[in-house]
Amino acid sequence: MKPQVYILTALLVHGSLCVCAQQTTYFEVLDGTWENGNNWTYHVIPTITNAVNVTFNGRVVRITQPGAICTNLCAGYSLGEEGSVYLTTGSLYTATSQNIGRSGRGTFVQSEGTTNRYGGSYLVLGEQTSGNGRYELLGGYLGPNGSATELNVGYNGTGVFYQAGGTLDEIYSDKYLYLGRAATGNGTYLMTQGEIQFTNKTYISIGHLGTGSFIQSNGVVTVAKIVNVGKENGGKGTYQLAGGKISSGQFTIGEKASATGSAAIQAGDFTTTSEGLDVGYYGTGLVWQSGGTITLKKYLYIGRTTGSRGRYIMTGGDLALTNDNNHMYIGESGYGALIQSNGSVRVKNWCTLARRNGSTGHYRLTGGSLTVGGQLQVSEEPNTQARLEIVGTNGTITCSSFAATSNAVVRFEIATNGVSKINVQNAATLAGTLEVAIPYRSFNAPVTLFSVGSRSGSFASVVPIFPLKSVTITYPTGAGHVTLSNFRYYTATVITIQ
């Protein structure tokens, strides 16, 4: 008989998980059922007053009937120990916590038609630095039995949550699903089917203080509050959508100053329901969209605050900001860049490059389409750096109005067959610098840069890029076209030295 052991039930104190004394019962056999009392210490099935350890030499317990209960559950308690729990039929209820891979290695597998409710503390995978925990939700229901504080995947150690079915329910008001909770934590969420239903006040933090990743190839994720990808200082988070649907009140990628986050949208639907998407809030953010549909309720900020850095690379898919209050800022107060080679960008109201004092905004379009229902603005406040670059003829740019200020640089890179023009339905206000680049000395056909409903102002300077030496620009007096003609190039001189 094993000696009586006391462990701690779940409280969160100064960032560590600790407990009140509870009598611990151990699963004694290598592989057996929870419902057989002979498989347990003292030959008694655990009750609500017992803490349960499934550990030592790869113990495996199988829950095959409804009504399994305990105070708290731990699989893989100490370094070098290993334990597994299989909820194949029936249900499990823990009054406080479930700890899978505390300091050792733990696994929990939940099958279709089952219910697992954890208590008022937490469910954690990989608590200590040596801990390694894995949870497989293949079906059924997983949720708290009351006011659970959090669900940790990789607290200080390594955790993996694999969902191929079933439902992960709301944790509790203003609580979190953490992936990479502490600085040493490494958490991964893999979703191929099923649902996450955080429809009240549960947040998701991917790379909270540690390293976290969320990879979704199908299924439905619903979050009423915020999804953070790279949240606290030092946090590193990645999110990948290859299918299925995800919606959240707000997405933030790279929240704190030294946090970094990235998102890869390849397919599926990505939606915000109350706010928008921040790519680099105070920290560093990156979005790569090659497919799928992103629909934002309000805004897209790329480089939102001073010191932030945001980049958005678009090679396909659809980016839609089509509600009445929609706007897009590339460099709100920080550094922002949008590089588009394909796909469509649709903005209901306005799109601004380098908005606030000290910001930098860069938009380079080599293909795809940009449609702005309001104004396309290149630089707004003083002391900004804004660049709009149009390359070749594969892009389409349409806006209601256009404004380039004295801090703006608008660059057209002309291909063998010309360059895409900017279609301005109403007024175009021109200022700043126009750069013209042509890699072919033989090009000399007239080119339309803007088609406008009306025009005011003109570019302060026209800068030809070598080998172009000079060019003539013509402005309309009212509606019409801003055109280039009379291209003149530097010619090579051959010097023979004898």
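Please read these numbers as outputs of a predicted model, since none were measured by experiment.
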Q.
Test of understanding: with side-chain hydrogen bond (donor to acceptor under 3.5 Å, both in side chains), list the residues that count as partners of S258, not counting sequence neighbours.
A. N233
Q. Y329 pairs by ring pair (Phe, Tyr, Trp, His ring centres under 6.0 Å) with which of Y335, Y363, Y301, Y312?
A. Y301
**Q.** Shortest non-hydrogen separation from N349 to N323 and the atoms involved
**A.** ND2-O, 4.3 Å
Q) Which heavy atom in H327 sits nearest to a heavy atom in V347, and how many Å separate them? A) CA-CG1, 4.2 Å
(Q) So does G67 get a backbone contact from the side chain of S91, meaning a donor-acceptor N/O pair under 3.5 Å? (A) yes
Q) Who passes salt bridge (Lys or Arg N to Asp or Glu O under 4.0 Å) against K256, sequence neighbours left out? A) E232
**Q.** Under the salt bridge (Lys or Arg N to Asp or Glu O under 4.0 Å) test, residues paired with E381 that sit two or more places apart
**A.** R356
Q: Only counting residues at least two apart or in another chain, list the ones meeting ring pair (Phe, Tyr, Trp, His ring centres under 6.0 Å) with Y135.
A: F108, F161
Q. Is there a side-chain contact between E150 and Y178, using heavy atoms and a 4.5 Å cut-off?
A. yes
Q) Is any side-chain heavy atom of Q250 less than 4.5 Å from a side-chain heavy atom of Y299? A) yes
Q.
Any non-hydrogen side-chain atom of R59 less than 4.5 Å from a side-chain atom of L30?
A. yes
Q: Give a yes-or-no answer on whether the side chains of W288 and T315 include a donor-acceptor pair shorter than 3.5 Å.
A: yes
Q) Can you check whether F27 and W40 have ring centres sitting under 6.0 Å from each other? A) yes
(Q) Taking T55's backbone N and O only, do any of them form a donor-acceptor pair with E81's side chain (distance below 3.5 Å, no angle check)? (A) no
Q | Test item: side-chain donor near acceptor, T384 and S379, under 3.5 Å | A | yes
Q) So do R181 and V124 actually touch side chain to side chain, heavy atoms under 4.5 Å? A) no
(Q) Can you pull out every salt bridge (Lys or Arg N to Asp or Glu O under 4.0 Å) where at least one residue sits in residues 191-206? Sequence neighbours excluded, please. (A) none
Q) Looking only at side chains, do T167 and Q197 share a donor and an acceptor under 3.5 Å apart? A) no
Q.
Per the ring-ring contact (aromatic ring centres under 6.0 Å, His included) rule, what does the pair list look like for residues 261-285, sequence neighbours excluded?
A. F251-F270
Q: Verify side-chain contact (heavy atoms from CB on, under 4.5 Å) between V391 and R364, making sure each step is shown before the conclusion.
A: CA-CA 8 Å; V391 181; R364 182 174 174 86; 3.6 Å; yes
Q.
Test of understanding: with ring pair (Phe, Tyr, Trp, His ring centres under 6.0 Å), list the residues that count as partners of H362, not counting sequence neighbours.
A. none
**Q.** Audit row: K236, T260, side-chain contact (heavy atoms from CB on, under 4.5 Å) steps and yes/no
**A.** CA-CA 5 Å; K236 299 178 179 65; T260 58; 3.5 Å; yes
Q: Take N152 and Y122, measure what side chain to side chain donor-acceptor pair (under 3.5 Å) needs, and give me the verdict at the end.
A: CA-CA 7 Å; N152 287 292; Y122 60 87; over 6 Å; no
Q) For E275, does the CD atom sit with more than 12 other heavy atoms under 6.0 Å from it, leaving out its own atoms? A) yes
Q: Please tell me if the side chains of Y77 and N99 come closer than 4.5 Å, counting only heavy atoms from C-beta onward.
A: no
Q) Less than 4.5 Å apart, any side-chain heavy atom of V160 and any of L125? A) no
Q: Tell me, yes or no, whether the heavy-atom count around R355 atom CZ, taken from other residues, nucleotides or ligands under 6.0 Å, exceeds 12.
A: yes
**Q.** Partners passing salt bridge (Lys or Arg N to Asp or Glu O under 4.0 Å) against R304 (at least two apart in sequence or in another chain)
**A.** D278
Q. Taking only residues two or more places apart in sequence or in another chain, which ones pass side-chain hydrogen bond (donor to acceptor under 3.5 Å, both in side chains) with D318?
A. S344, R346
Q.
Among residues at least two apart in sequence or on other chains, which ones pass side chain to side chain contact (heavy atoms under 4.5 Å, CB included) with V60?
A. D31, R62, S84, Y86
Q: Keeping to residues at least two apart or across chains, list the ring-ring contact (aromatic ring centres under 6.0 Å, His included) pairs with something in residues 227-247.
A: F214-Y239
Q) Does R387 have any salt bridge (Lys or Arg N to Asp or Glu O under 4.0 Å) partners at least two apart in sequence or in another chain, and if so, which? A) E389, E435
Q.
Tell me whether E170 contacts the main-chain N or O of T202 through its side chain, where contact means a donor paired with an acceptor under 3.5 Å.
A. yes
**Q.** N/O donor-acceptor pair under 3.5 Å between N326 side chain and K298 backbone
**A.** yes
